[in-house]
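Since the structure is predicted, the reported quantities are computational estimates derived from the model, not experimental observations. Lettering of chains follows the sequences in order, A, B, ..., and the numbering in each one begins at 1.
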Amino acid sequence: QQQVKQSPQSLIVQKGGISIINCAYENTAFDYFPWYQQFPGKGPALLIAIRPDVSEKKEGRFTISFNKSAKQFSLHIMDSQPGDSATYFCAASRISGSARQLTFGSGTQLTVLP
Amino acid sequence: SAVISQKPSRDICQRGTSLTIQCQVDSQVTMMFWYRQQPGQSLTLIATANQGSEATYESGFVIDKFPISRPNLTFSTLTVSNMSPEDSSIYLCSAGGQLSYGYTFGSGTRLTVV
């Protein structure tokens, strides 16, 4: 119940194309769904996040779509750029004890070709 | 958001020895966490570093192997004890408020055990 399943494992997109990464969860206690972006040699950085009472959130070229009934959410990167090449992790957050805990997906390595 | 500095950024250690990783945050934070990330894989939570009390370990991680200190609200250490090649990994520190929706990560410590 703690798992967050992420696909695909890797993704290659042409510059200007749309990158789509999908995640699914089981535990309905999760109440916050962030996406992290990680470049080689760096720690993950919060990219965008959504709460389950919203079906979509857009920040610039990045959009999260959320389907509460299906327990699925996805990241869309519009007009993908070579600088977007990184590993993307979806995550799900819930309160555990007195703090929030993150459960990460397995990651998607995105390569955007020039 | 908080800025996290981790030291060392990388190290190569002999099996059977121990390595202490330091995590310094530029502001007081309630929560500090330690994660492990195998190369090319997702993040696994090792423990929550509690200020003034013993760390809370996740299943599969024990205090004898991964002792953690948290002497104040800006600093924590993780020691990897009696290392074996299986401990080769990236170790990441994360921090934020008690119920923060998004935690900040350090750049990580890349450990290789030979």
Cross-chain donor-acceptor list, chain A and chain B, 3.5 Å limit, no angles:
{"unit_1": "A:Y36", "atom_1": "OH", "unit_2": "B:Y103", "atom_2": "N", "d": "3.4"}
{"unit_1": "A:Y36", "atom_1": "OH", "unit_2": "B:Y103", "atom_2": "O", "d": "3.4"}
{"unit_1": "A:Q38", "atom_1": "OE1", "unit_2": "B:Q37", "atom_2": "NE2", "d": "3.0"}
{"unit_1": "A:Q38", "atom_1": "NE2", "unit_2": "B:Q37", "atom_2": "OE1", "d": "3.1"}
{"unit_1": "A:S98", "atom_1": "O", "unit_2": "B:Q98", "atom_2": "NE2", "d": "2.7"}
{"unit_1": "A:R100", "atom_1": "N", "unit_2": "B:Q98", "atom_2": "O", "d": "3.4"}
{"unit_1": "A:R100", "atom_1": "O", "unit_2": "B:Y103", "atom_2": "OH", "d": "3.2"}
{"unit_1": "A:Q101", "atom_1": "NE2", "unit_2": "B:E58", "atom_2": "OE2", "d": "3.2"}
{"unit_1": "A:G105", "atom_1": "O", "unit_2": "B:S42", "atom_2": "OG", "d": "2.4"}

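- Partners of A:P114 under the side chain to side chain contact (heavy atoms under 4.5 Å, CB included) rule, at least two apart in sequence or in another chain, are A:P82.
- Residue pairs meeting the disulfide bond (SG atoms under 2.5 Å apart) criterion with at least one member in residues 19-89 of chain B, sequence neighbours excluded, are B:C23-B:C93.
- Closest non-hydrogen pair, B:L92 versus A:G43, comes out as CD2-CA, 4.0 Å.
- Hydrophobic clustering, with ILVMFWY side chains joined whenever heavy atoms are under 4.5 angstrom apart, groups A:V13 together with A:I48.
- Residue A:F33 is grouped with residue A:F62 when hydrophobic side chains (ILVMFWY) are merged at heavy-atom distances under 4.5 angstrom, including chains of intermediate members.
- Both A:F89 and A:L46 are assigned to one and the same hydrophobic cluster, defined by single-linkage of ILVMFWY side chains at heavy-atom distances under 4.5 Å.
- Contact annotation for B:L43: both backbone and side-chain heavy atoms come within less than 4.5 Å of a heavy atom of chain A.
- Applying the 4.5 Å side-chain rule to ILVMFWY residues, one finds that A:F39 remains a lone member of its cluster.
- Counting non-hydrogen atoms of other residues, nucleotides and ligands closer than 6.0 Å to CD1 of B:I63 gives a total above 12.
- The parts of A:F104 that come within reach of chain B are both its backbone and its side chain, each placing non-hydrogen atoms under 4.5 angstrom from that chain.
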